[in-house]
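Have a look at the structure below, then the notes.
Atoms within each ligand, like the ligands themselves, are counted from 1 in listed order.
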Amino acid sequence: MNSASNMFKVAVVGGEGIGPEVTAQSHRILNWFIAERGVPLVVREAQYGLIPYLSKGKVLPEDTVEAMDEADAILWGASGGPETREVSAEARKAGSLLSLRSKYDLYANLRPIVANPALAEAAPLKAEVLDGVDFIIIRELTSGIYFGEPRGIETLPDGQRRGFNTEQYTTNQVRRVARAAFELARTRKSRVCSVDKANVLETSVVWREEVTALHREEFSDIELTHLYVDNAAMQIVRQPRQFDVMVTGNIFGDILSDCAAMASGSLGMLPSASLGPVDRFGRRKALYEPVHGSAPDIAGKGIANPLGSILSVAMMLRLTLNRPDDADLLERSVAAALAGGARTADIAEASAKRLSTVEMGDAVLSALNEAVAEQREQA
Ligand code: IPM
Ligand code: MN
């Protein structure tokens, strides 16, 4: 929030692969909320990836850095794909998504897993397994094996290569993300399941002990359970409705959230929010992105599902813009579009007409307009 103008700032960065296509649709949705609902927002679009690399030598050019630095929220598309081969490993690393997570200290990654009944038929799991699924994974995003040192690839005296990484967690790294999970659970069904591998890993022993201690000290009103990660993976596909809030470390959260995507029906539907620490003005840097990634196999074809990105806008409305009613309105409108039969290829039953990325954006915009018209009639 820029106090001089009372406007929030959002940087829209489509990036690579299907990122630009899906983000174009969520950008339209953002514009709708500015125009129709008076959300006080300034949007600045910026480039990321191969295109600025070819013209400016950087995947993350100065202009983009500036747009993201000044933003309250970043709407991110995707990064990566075959074009990464044309970018030197060093240039890639300098502007990677991981370096952004680290730079803005986006330690709490929220990935809601909600099954939509309209999609049961197209989903890979049985309808009875998906029934009532509504949980959220909080993945620690700035520590663990993704960032631990030492790391590298070395050549041993006998000529073999050895790759190595370091899994590590400190008290504070565990506690701040566990706190985020307990606080979120208080707004939901008051249940937290913490996932680790404490039967094998010391990092997980620290993880489990710190989560347990924080729970005892400050959150004894919340029900806390623990699962080993292998069991958690099984439970997510066996009976996902048992979960409310699941909290886990960086790499376990990466793997489990893709797995959990199947408990929602489709990876293309999943939004996410990555949140930094609250600063002394009560502000909190946030990056919103669909979970699906760059999907190079379908990039540029105009068939990708934009709902993961659009639902990320709903999370932005709720978590950065303090507009819970508008967040609900957008989520209801996505549900209405789906209930009305709107389907991109990834969520289509055999008989369904397949919409393009743009047509799915249109369907959500019409549902929004209809919802607002209905509200006016009732008023
Ligand atoms: C994710 C992605 C990223 C990760 C990749 C693109 C680095 O898989 O956000 O889940 O592993 O964190
Ligand atoms: Mn992942």
What is the ring orientation for Phe135 with Phe243, classed by angle as parallel under 30°, tilted 30 to 60°, or perpendicular over 60°?
tilted
Between Arg111 and Ser257, does a side chain to side chain donor-acceptor pair (under 3.5 Å) hold up when you go through it step by step?
CA-CA 7 Å; Arg111 297 187 167 181; Ser257 60; 2.7 Å; yes
Might you work through the side chain to side chain contact (heavy atoms under 4.5 Å, CB included) test for Gln239 and Val133, ending with a clear yes or no?
CA-CA 9 Å; Gln239 203 200 78; Val133 170; over 6 Å; no
How about CD on Glu202, more than 12 heavy atoms from neighbouring residues, nucleotides or ligands closer than 6.0 Å, or not?
no
Would you call [X]-[Y] a salt bridge at under 4.0 Å N-O?
X	Y	answer
Asp279	Arg284	no
Glu218	Arg179	yes
Lys197	Asp230	yes

Anything protein N/O/S under 2.8 Å from the Mn ion (ligand 2)? Just list residue and atom, please.
Asp254 OD1
Hey, is the main chain of Ser356 close enough, under 3.5 Å, to the side chain of Glu359 for a donor-acceptor pair?
yes
Is the terminal nitrogen or CZ of Arg139 (NZ for Lys, CZ for Arg) located under 6.0 angstrom from the six-membered ring centre of Tyr146 and within 45° of that ring's axis?
yes
Identify the protein atoms, limited to N or O, that lie within less than 3.5 Å of an N or O atom of ligand 1, and list each pair with its distance to 0.1 Å.
unit_1   : atom_1 : unit_2 : atom_2 : d
ligand 1 : 8 (O)  : Asp254 : OD1    : 3.3
ligand 1 : 9 (O)  : Arg101 : NH2    : 2.7
ligand 1 : 9 (O)  : Arg111 : NH2    : 2.8
ligand 1 : 10 (O) : Arg111 : NH1    : 3.1
ligand 1 : 10 (O) : Arg111 : NH2    : 3.1
ligand 1 : 10 (O) : Arg139 : NH1    : 3.2
ligand 1 : 10 (O) : Asp254 : OD1    : 2.9
ligand 1 : 11 (O) : Tyr146 : OH     : 2.6
ligand 1 : 11 (O) : Asp254 : OD1    : 3.4
ligand 1 : 12 (O) : Arg101 : NH1    : 2.7
ligand 1 : 12 (O) : Arg139 : NH1    : 3.2
ligand 1 : 12 (O) : Arg139 : NH2    : 2.8

